[in-house]
Amino acid sequence: MDAIESHIIESLRKVIDPDLGVNIVDLGFVREVHVDGRQASLDVTLTNPFCPLTSVIEDQMRNELVGEGVLEDFEVSWVFDPPWCPDQVSEEGRKQLRSIGFASM
């Protein structure tokens, strides 16, 4: 992973899933990051393809990536194949989920 991809991932750690209260990177939602200069395309998933909060999450992403000057612009592709599963949550994400009451994580 190059420096700009790393910067994008670190910036996306500030994007919090409104339902779960954990960032989208540690939840395993960020699947792919493709960078072309100061633009990027992101493949992102969610726990549910019918989630009504995609625009909220995308707005948070825009604030962190464009608003903070990491990128000039980006495009999100919401992907659901393969479907998200709890195995994709990082150890840090599991700690955060346990701290807010998800005992099975």
For the [atom1] atom of [X] and the [atom2] atom of [Y], what is their distance to the nearest 0.5 Å?
| X | Y | atom1 | atom2 | answer |
| --- | --- | --- | --- | --- |
| Ile24 | Glu64 | CD1 | CD | 10.0 Å |
| Met61 | Lys14 | CE | NZ | 14.0 Å |
| Leu27 | Thr45 | CG | OG1 | 11.0 Å |
| Gln60 | Leu12 | CD | CG | 10.5 Å |
| Arg31 | Trp84 | CZ | CH2 | 10.0 Å |
| His7 | Glu68 | NE2 | CD | 8.5 Å |

Which residues pass the salt bridge (charged side-chain N to carboxylate O under 4.0 Å, His left out) test with Asp81, sequence neighbours left out?
none
Arg98/Glu91 salt bridge by N-O under 4.0 Å criterion:
yes
Mind running side-chain contact (heavy atoms from CB on, under 4.5 Å) on Ile9 and Val33 for me, showing each step along the way?
CA-CA 8 Å; Ile9 294 297; Val33 175; 3.8 Å; yes
Does Val79 belong to the same Ile/Leu/Val/Met/Phe/Trp/Tyr cluster as Val15, with side-chain heavy atoms less than 4.5 Å apart forming each link?
no
Linking I/L/V/M/F/W/Y whenever any side-chain heavy atoms sit under 4.5 Å apart, do Phe29 and Ile100 land together?
yes
Between [X] and [Y], is any pair of side-chain heavy atoms under 4.5 Å apart?
| X | Y | answer |
| --- | --- | --- |
| Leu42 | Ser77 | no |
| Phe102 | Gln96 | no |
| Asn48 | Phe80 | no |

Arg13 (side chain) donor-acceptor with Ile8 (main chain) under 3.5 angstrom:
no
Contacts of Ser90 meeting side-chain contact (heavy atoms from CB on, under 4.5 Å) (sequence neighbours excluded), chain-then-number -> Asp26, Glu92
Going by side-chain contact (heavy atoms from CB on, under 4.5 Å), name the residues that satisfy it together with Thr54, two or more places apart in sequence or in a different chain.
Leu46, Trp78
Hey, what else clusters with Val56 if you join Ile, Leu, Val, Met, Phe, Trp, Tyr whenever side-chain heavy atoms sit under 4.5 Å?
Leu53
Connected hydrophobic set around Ile16, excluding itself, where side chains approach under 4.5 Å
none
More than 12 heavy atoms of other groups within 6.0 Å of Asp73 CG:
yes
Which residues pass the side chain to side chain donor-acceptor pair (under 3.5 Å) test with Glu32, sequence neighbours left out?
none
